[in-house]
Amino acid sequence: MIHVLKHVESITQHRDRTLLELGVASALFELVKALEVNLYKVSEHGGEHYLARVTHVGQDGVRYVQSEFDDEGMAAPLGQRREMVACVEQTQIVRVHDSARDAYVHCFPINVDRRVLGVLEVVCGTPLATEELDTAEGFLGLYRNYLSLLDYSERDTLTGLLNRKTFDDNLGKILQGLSAGELSLAGDSTAPPRRRQNDEGKHWLAVVDVDHFKRVNDQFGHLYGDEVLLLLARIMQESFRHQDRLFRFGGEEFVVILRATSEDEVAVALERLRASVEGHLFPQVGTVTVSVGYTGINSSDTIPDIVGRADDALYFAKENGRNQVSSYERLLASGKVSAREAPNSDIELF
């Protein structure tokens, strides 16, 4: 019992999602003497569920994903893991025998607020005994409670998109990875050399702003204004891939972080969003448009650098007719915007 409580004490110290997941997986690996324990994130896009492994603790070591863009964080269709379909779609605990490894795979749904956010996979040489199942479910309940609290603190209450604080954390992790020339799993000394940014595409940041949103609130009221923001968030979720990160900055301003192999690919994705918004009939309000400014993310950047360039591109779009997508890099190359000046000191205000 004391051994279990020590694990509980260690886990409850964490407020970082990655460390929390690693603590739960490590505790179960040790307490039920598993061959391996994995945590999978479940995402939904276009009506389909996807799985992405975010944490692994096994006899071969520990691996975890710090960034949604990491290689091993890439999601695969749920249908590729048949044993997890019932776990995700019917919220059931599933146990199957893996004849190839002569091991038993136990899958536990991680459900929060009637949504399955992930799957805990425990692989053992023998089926878990009743006491071990109770231990697994106990730690899973602890994890669910903390995950619910984290999810609440990371999400915008109106739209359900990630919030500004989470944006800073996510972009900070991406910049740390780029500055180190690393874009894959962290914490694995046995992993092969990590790929450079250009091998898998570049990160981009776009700022999306609703045109004339004040008029919407003034003419139709804040209730309809909130509905516009909520529907816009849904259009954004439908327009981008499940691995792209969507944030609400506040008010009518949203941010997208995506990864693409070329700027043309980014422009097409953002133009698709712009056209989808323009073509949507918003209740009572009618037609709503958005302006978008975007820029590439470089290893030498700071967060104010990146957001500032995207804001410059957005400002150009706003000043030149609205309802359009503008690239900072292309505007700079054509002389339509000036290069941003570097700060005069080491202190940056943002």
Side-chain angles (χ1 to χ4, degrees), residues 69 161-176 178-179 197-198 201-215 229 232-233 236 239-240 244-278 288-350:
F69 298 96
L161 299 184
L162 296 169
N163 59 26
R164 174 62 184 269
K165 174 186 178 298
T166 313
F167 165 81
D168 291 338
D169 293 341
N170 274 251
L171 189 52
K173 287 181 179 180
I174 290 174
L175 289 173
Q176 287 175 6
L178 291 178
S179 64
Q197 181 177 355
N198 292 335
K202 179 176 175 137
H203 297 83
W204 302 80
L205 181 141
V207 179
V208 180
D209 191 86
V210 181
D211 295 326
H212 302 299
F213 186 68
K214 185 176 184 300
R215 293 183 190 176
L229 298 177
L232 174 58
M236 291 177 67
S239 299
F240 295 98
D244 297 329
R245 306 293 276 167
L246 310 178
F247 306 84
R248 184 187 177 199
F249 251 35
E252 68 273 26
E253 192 170 71
F254 298 79
V255 169
V256 182
I257 299 178
L258 63 161
R259 192 172 178 181
T261 55
S262 69
E263 183 169 354
D264 287 341
E265 184 181 341
V266 179
V268 167
L270 295 174
E271 176 59 27
R272 180 172 60 242
L273 168 67
R274 186 207 62 77
S276 295
V277 175
E278 184 181 26
V288 172
T289 63
V290 295
S291 297
V292 183
Y294 70 94
T295 186
I297 298 175
N298 305 303
S299 60
S300 59
D301 284 335
T302 64
I303 293 177
D305 290 336
I306 301 162
V307 176
R309 294 197 303 267
D311 274 339
D312 286 350
L314 174 66
Y315 181 79
F316 182 90
K318 290 281 191 182
E319 291 294 303
N320 289 272
R322 293 183 169 84
N323 190 25
Q324 58 184 283
V325 177
S326 295
S327 159
Y328 174 83
E329 282 76 14
R330 291 177 177 176
L331 291 173
L332 182 64
S334 63
K336 294 179 180 178
V337 297
S338 301
R340 295 179 62 82
E341 294 184 4
N344 293 325
S345 70
D346 293 333
I347 300 176
E348 295 176 334
L349 301 178
F350 183 60

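Nothing here was measured: the structure is a model prediction, and the numbers come from that model. The residues of the chain are indexed from 1 along the displayed sequence.
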In Å, rounded to the nearest 0.5 Å, how long is the span from [atom1] of [X] to [atom2] of [Y]?
X      : Y      : atom1 : atom2 : value
Leu162 : Ile257 : CG    : CD1   : 9.0 Å
Asp244 : Ser239 : CG    : OG    : 10.5 Å
Leu273 : Glu278 : CG    : CD    : 11.5 Å
Leu178 : Lys202 : CG    : NZ    : 9.0 Å
Phe247 : Met236 : CZ    : CE    : 10.0 Å
Ile306 : His203 : CD1   : NE2   : 10.5 Å

Exercise. Counting N and O atoms only, with roles assigned by atom type, does the side chain of Asp312 sit under 3.5 Å from a partner on the main chain of Arg309, one being a donor and the other an acceptor?
Worked result: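 Between the backbone of Arg309 and the side chain of Asp312 there is no qualifying donor-acceptor contact (under 3.5 Å).
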
inquiry  = Can a donor-acceptor pair be found, under 3.5 Å and without considering hydrogens, that links the side chain of Glu253 to the backbone of Phe249?
reply    =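 Answer holds: no.
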
Considering only heavy atoms from C-beta outward, does the side chain of [X] approach that of [Y] to under 4.5 Å?
X      : Y      : answer
Arg274 : Val208 : no
Leu258 : Tyr294 : no
Glu329 : Trp204 : yes
Leu205 : Phe167 : yes
Val290 : Leu232 : yes
Glu252 : Lys214 : no

ask   = Any ion pair linking Asp264 and Arg330 (charged N to carboxylate O, less than 4.0 Å)?
value =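 Salt bridge flag = yes for Asp264 with Arg330.
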
Practice item. Answer yes or no: is there an ion pair linking Lys165 with Asp169, defined by an N-O contact shorter than 4.0 Å? Key: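 Looking at Asp169 together with Lys165, the answer is yes, because their closest N to O distance falls below 4.0 Å.
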
For a quick test of reading the model, state the closest non-hydrogen atom pair linking [X] to [Y] and the distance between them.
X      : Y      : value
Val325 : Glu271 : CG2-OE1, 3.9 Å
Val292 : Ala206 : CG1-CB, 4.1 Å
Ser338 : Leu332 : C-CD1, 3.8 Å
Leu229 : Gly251 : CD1-O, 3.6 Å
Leu175 : Asn298 : CD2-O, 3.6 Å
Gly172 : Ile303 : N-CD1, 4.2 Å

Please report the C-alpha distance between Asp168 and Arg164 in whole Å, then the side-chain angles of each, then the deciding distance to 0.1 Å, and finally whether the salt bridge (charged side-chain N to carboxylate O under 4.0 Å, His left out) criterion is met. CA-CA 7 Å; Asp168 291 338; Arg164 174 62 184 269; 3.6 Å; yes

Handout entry: Tyr315, OH atom: more than 12 neighbouring heavy atoms under 6.0 Å
Key =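 Not buried by this count: 12 neighbours or fewer within 6.0 Å.
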
| request: Give a yes or no on whether Arg272 atom CZ has more than 12 heavy-atom contacts from other residues, nucleotides or ligands under 6.0 Å away. | output: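 Yes - once you tally the heavy atoms of other residues, nucleotides and ligands closer than 6.0 Å, there are more than 12.
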
Review point. Checking side chain to side chain donor-acceptor pair (under 3.5 Å) against Ser291, which of Asp209, Asp211, Asn320 comes through?
Key: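 For Ser291, the side chain to side chain donor-acceptor pair (under 3.5 Å) test succeeds with only one of Asp209, Asp211, Asn320, which is Asp211.
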
Exercise. Evaluate side-chain contact (heavy atoms from CB on, under 4.5 Å) for Arg340 paired with Asp311, printing each intermediate quantity in order.
Key: CA-CA 11 Å; Arg340 295 179 62 82; Asp311 274 339; 5.9 Å; no

